[in-house]
J.: 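The following block contains the structure, expressed as structure tokens.
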Protein chains: 2
Amino acid sequence: MEKEKIDKKDHILDVAERVFAEHGFDGASTRLISGEAGVNMAMLNYYFGSKEGLLLSIFERRTATFRDLIHVIGKNESISSWQKVVEYIEAYIGRVFNNNCFQKMIHQEMSVRRTGELADKITNMIMLNVNEFRKILHEGIEKGEFKRDIDTDMVVATVFGVKSQLLNAPQICSLMLGYDTQDPQNMEEKLKPRVIDYLKKLLKSYLLIENDNAK
Amino acid sequence: MEKEKIDKKDHILDVAERVFAEHGFDGASTRLISGEAGVNMAMLNYYFGSKEGLLLSIFERRTATFRDLIHVIGKNESISSWQKVVEYIEAYIGRVFNNNCFQKMIHQEMSVRRTGELADKITNMIMLNVNEFRKILHEGIEKGEFKRDIDTDMVVATVFGVKSQLLNAPQICSLMLGYDTQDPQNMEEKLKPRVIDYLKKLLKSYLLIENDNAK
DNA sequence: TTAAGTTAATCAATCGTTTGATTAATTTTG
DNA sequence: CAAAATTAATCAAACGATTGATTAACTTAA
């Protein structure tokens, strides 16, 4: 009764994603990755060509899953802009916290000066998200649903920034909240719903025109 | 008319801080640092003992400058909690954007799993800031100045997160805002005042009890 | 048999660090 | 003061270790 015989390449990608997230690209040696994955070192080059090819494969696998999930929210004409914002927050935070290792890794890669194919792909992927969120915000302004003087770009930076802070500064985050935010159960049951709830209330108070004089 | 004869150790620290911020600790080789600084490689070990010692020296220099600047705001009894928040934002963002290389470096270090003396020192320094901000927020709640149901820890994460997003994802940030946010002049004249203004408006709408019915 | 999968051994390159020698600056001594 | 002695600063070269990558032999599976 051995371990489930899942695809070995997928297993390597899973492990590498975690090790890259923990040590950074430069800090994660191919020996460490192959050791953690329980495979021979040469298998990394056999499957993925090179260390950078491995990183690229991780990226491709994740983006392929969520590529066409982006535009669904903005397309729904029957809901208000504010509801779109709510759905975007729930979708984005939900997705990001489920792949927190990948997100951590991506954020680290963006933080160091790199050029080339992968750097451009990462930038493009994130800009897809950015532009989708911006479109919702601009639409809400034009419809008179949101205040006219809101800083849409900073709102985007806020959602992305809060996520980065919670994922990429886990020691600080754990000390602040009083529990281990790296623990998958805590992240899923405590941190994720709290972040979603907070971002909704925060943006609601900043974006919406207060017209409920009958409160 | 040669170059200003400033302290050579300080010069190395300046350069190393920038190179660490650009390439990360593991990505920045001692040869690259010494080359950029125009000094012999052995000087790094001669002055700082090791590569990690160099990183530690960078940290010590910056923290020594701002160690006692933390508690000044909270001590002022004559201003409201909201004014304290405003002053904290202005002080924190102003300070952080003036040492953006250092901040970038610190955030990268926190993002990778490291243990030891430096990791603890970094955590402690940041928690000083965190606790100071939290104290202001709790005080505002107790005084009835802020809403009772605000998530103080998430507010802290917001300020820190927005800063991290703007500094550590410069490509995204530049694309979003339409100018090079790495350029010192843009950062000082355009980005910094915009962030300060935004955070004030954002937190004002989230924290304050809306009691100005005579608006 | 053939091709794909897997391994240990090995490669050149680069890593952080150390060395011994040399020069510059400072202090001590007569 | 000046010469001698001592310390500090700087350098080219090399160190052992580790890096990502490759090889060639071997095993497995179709």
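A note on names: the letters A, B, ... follow the listed sequences, proteins ahead of strands, and every chain is numbered from 1.
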J.: Scan residues 41-58 of chain A for pairs that pass side chain to side chain donor-acceptor pair (under 3.5 Å), counting only residues two or more places apart or in two chains.
T.: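 Every pair satisfying side chain to side chain donor-acceptor pair (under 3.5 Å) with a residue in residues 41-58 of chain A: there are none.
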
J.: Can you name the residues that form a salt bridge (charged side-chain N to carboxylate O under 4.0 Å, His left out) with E22(B), not counting sequence neighbours?
T.: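 If we apply the salt bridge (charged side-chain N to carboxylate O under 4.0 Å, His left out) test to E22(B), skipping adjacent residues, the hits are R113(A), R18(B).
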
J.: For I33(A) and dT18(D), what is the distance between atoms CD1 and P respectively, to the nearest whole Å?
T.: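 Rounded to the whole Å, the gap is 17 Å.
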
J.: What contact category does S29(B) fall into here, base, sugar-phosphate, or nothing, at under 4.0 angstrom with non-hydrogen atoms?
T.: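 Sugar-phosphate, no base atom in range.
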
J.: Would you please confirm or rule out a distance under 4.0 Å between OP1 or OP2 of dG20(D) and any side-chain N or O of S50(A)?
T.: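 False: S50(A) side-chain N/O out of range (4.0 Å or more) of dG20(D) OP1/OP2.
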
J.: Assess the side chains of H138(B) and T152(B): does a donor N or O sit below 3.5 Å from an acceptor N or O?
T.: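 Per modelled atom types, H138(B) and T152(B) side chains form a pair under 3.5 Å.
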
J.: Among dT10(D), dT17(C), dG20(D), which nucleotide sits nearest the side chain of K8(B)?
T.: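 Nucleotide nearest to K8(B)'s side chain: dT10(D).
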
J.: Applying side chain to side chain donor-acceptor pair (under 3.5 Å) as the test, list every pair that has at least one member in residues 171-182 of chain B; sequence neighbours left out.
T.: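 Listed by first then second residue: S174(B)-T181(B).
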
J.: L32(A) CG to dA17(D) C1': how many Å, rounded?
T.: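 After rounding, the reported distance stands at 16 Å.
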
J.: Taking atom C1' of dA8(D) as reference, at what distance in whole Å does atom CG of D7(B) sit?
T.: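 Atom CG in D7(B) sits about 14 Å away from atom C1' in dA8(D).
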
J.: I'd like to check the salt bridge (charged side-chain N to carboxylate O under 4.0 Å, His left out) partners of D197(B); sequence neighbours left out, ordered by chain and number.
T.: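 Applying salt bridge (charged side-chain N to carboxylate O under 4.0 Å, His left out) to D197(B) gives K201(B).
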
J.: List for me each residue that meets salt bridge (charged side-chain N to carboxylate O under 4.0 Å, His left out) alongside K192(A), sequence neighbours excluded, and say none if there are none.
T.: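 Applying salt bridge (charged side-chain N to carboxylate O under 4.0 Å, His left out) to K192(A) gives E188(A).
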
J.: Specify the separation, in whole Å, of atom NZ of K51(B) and atom P of dT17(C).
T.: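 To the nearest whole Å, that distance equals 8 Å.
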
J.: What is the distance, rounded to the nearest whole Å, between atom CZ of R31(B) and atom C1' of dA14(D)?
T.: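 Going from CZ in R31(B) over to C1' in dA14(D) covers 10 Å.
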
J.: NE2 of H23(A) versus C1' of dT18(D): gap in Å, rounded?
T.: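 From H23(A) NE2 to dT18(D) C1': 15 Å.
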
J.: Atom CG of D26(A) and atom P of dG20(D): how far apart are they, to the nearest Å?
T.: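 Computing the D26(A):CG to dG20(D):P distance gives 9 Å.
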
J.: Under 4.0 Å, heavy atom to any atom of DNA chain C: which of residues 34-48 of chain B qualify?
T.: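 Of all residues in residues 34-48 of chain B, the ones placing a heavy atom under 4.0 Å from DNA chain C are M41(B), A42(B), N45(B).
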
